[in-house]
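Scroll down for the structure; my scribbles are underneath it.
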Amino acid sequence: MRRLLIVVVVAAAGCGGEGGSGGDRLTEQEFRAQANQICTDFAEELDALGEPGSLEELGTQLEEGRTIFENGLEELRQLRPPEELQSEYDRLLGTGDDALAAFESMQQAAEDGDVQEVQRIAEEADQADEESDEIARGLGLDDCATD
């Protein structure tokens, strides 16, 4: 369960946009430290959700996980990476819309009792996660990669 939620959450750590507004840009070291800490916090909060025992519990955990995701995204959006990392960071953040949609779709499938649909969405999210992991590692955000 944790892997599934992290796949959706870190599929990429964000939701489009310019990575925050106003203020000075962070140094590479500051950016990496802050982003990695946010991702570490995501993982800890997701771990605290535990393992679901049923599709109903999965639906509830996905709802809670989505809240964690949205809060973390807001924190990540506030970061202002060095200008030379902005484009890749925007790419990473750009996968967030799909991740949020996956949360919603998977939650609905779980509430409908559709195990096959939950599995299909999880497989798609896992594939999307591979791209976000690659981008995250390229940025030095190893804690934001899920494997």
Side-chain angles (χ1 to χ4, degrees), residues 1-23 25-26 30-81 85-147:
M1 174 63 199
R2 176 182 180 269
R3 167 79 177 148
L4 172 62
L5 286 172
I6 289 176
V7 163
V8 175
V9 166
V10 185
C15 237
E18 290 288 321
S21 59
R25 290 188 176 273
L26 299 168
E30 292 168 335
F31 167 66
R32 289 182 176 123
Q34 290 179 31
N36 278 317
Q37 185 61 55
I38 291 168
C39 290
T40 297
D41 293 346
F42 267 87
E44 289 173 2
E45 289 185 64
L46 291 173
D47 280 345
L49 294 177
E51 294 289 327
S54 67
L55 276 179
E56 182 178 320
E57 287 179 25
L58 176 62
T60 300
Q61 287 186 351
L62 286 167
E63 184 175 345
E64 293 171 7
R66 183 170 182 236
T67 299
I68 292 167
F69 179 66
E70 288 174 329
N71 292 338
L73 287 177
E74 185 57 36
E75 289 182 54
L76 288 168
R77 282 188 203 108
Q78 299 306 311
L79 298 182
R80 296 211 6 105
L85 299 181
Q86 187 68 58
S87 178
E88 280 301 291
Y89 191 57
D90 287 345
R91 263 185 78 209
L92 182 65
L93 293 175
T95 61
D97 288 330
D98 291 338
L100 282 174
F103 261 112
E104 292 171 8
S105 296
M106 195 177 304
Q107 182 181 352
Q108 186 61 54
E111 289 172 0
D112 292 344
D114 190 341
V115 175
Q116 289 179 328
E117 183 67 2
V118 168
Q119 291 173 336
R120 184 192 67 75
I121 295 166
E123 288 172 11
E124 286 179 5
D126 196 35
Q127 290 173 356
D129 184 50
E130 291 177 24
E131 178 186 1
S132 70
D133 284 353
E134 183 179 320
I135 297 167
R137 284 191 191 94
L139 288 167
L141 306 180
D142 295 340
D143 292 345
C144 295
T146 58
D147 57 2

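Just so we're clear, the structure is a prediction, and the values are computed from it rather than from any experiment.
For Glu63 and Arg66, the salt-bridge test fails: no basic side-chain N is under 4.0 Å from an acidic carboxylate O. Under 4.0 Å is where a charged nitrogen must lie from a carboxylate oxygen, and between Arg120 and Glu123 no such pair does.
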Query raised in the report: What do the steps show when you test Ile121 against Glu117 for side chain to side chain contact (heavy atoms under 4.5 Å, CB included), and what is the final call?
Result: CA-CA 6 Å; Ile121 295 166; Glu117 183 67 2; 3.7 Å; yes

Query raised in the report: When you look at Glu75 and Gln34, which way does the side chain to side chain contact (heavy atoms under 4.5 Å, CB included) test go after all the steps?
Result: CA-CA 10 Å; Glu75 289 182 54; Gln34 290 179 31; over 6 Å; no

Query raised in the report: Between Glu44 and Leu46, is a side chain to side chain contact (heavy atoms under 4.5 Å, CB included) present by the stated rule, with each step listed?
Result: CA-CA 5 Å; Glu44 289 173 2; Leu46 291 173; over 6 Å; no

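Residues Arg32 and Leu85 meet the side-chain proximity criterion, which asks for heavy atoms closer than 4.5 Å. Using a 4.5 Å cut-off on side-chain heavy atoms (C-beta onward), Leu58 and Leu55 make contact.
Here the closest heavy-atom approach between residue Gln86 and residue Arg25 is recorded as OE1-NH1, 2.8 Å.
No more than 12 heavy atoms of other residues, nucleotides or ligands lie within 6.0 Å of CD in Glu134, so this atom counts as exposed by the packing criterion.
Put simply, the residue from Asp133, Asn36, Ile38 that forms a side-chain contact (heavy atoms from CB on, under 4.5 Å) with Leu141 is Asn36.
Side chain of Asp143 to backbone of Thr40: no donor-acceptor contact under 3.5 angstrom is found.
Using a 30° and 60° split on the angle between ring planes, Phe69 and Phe103 fall in the tilted class, from 30° to 60°.
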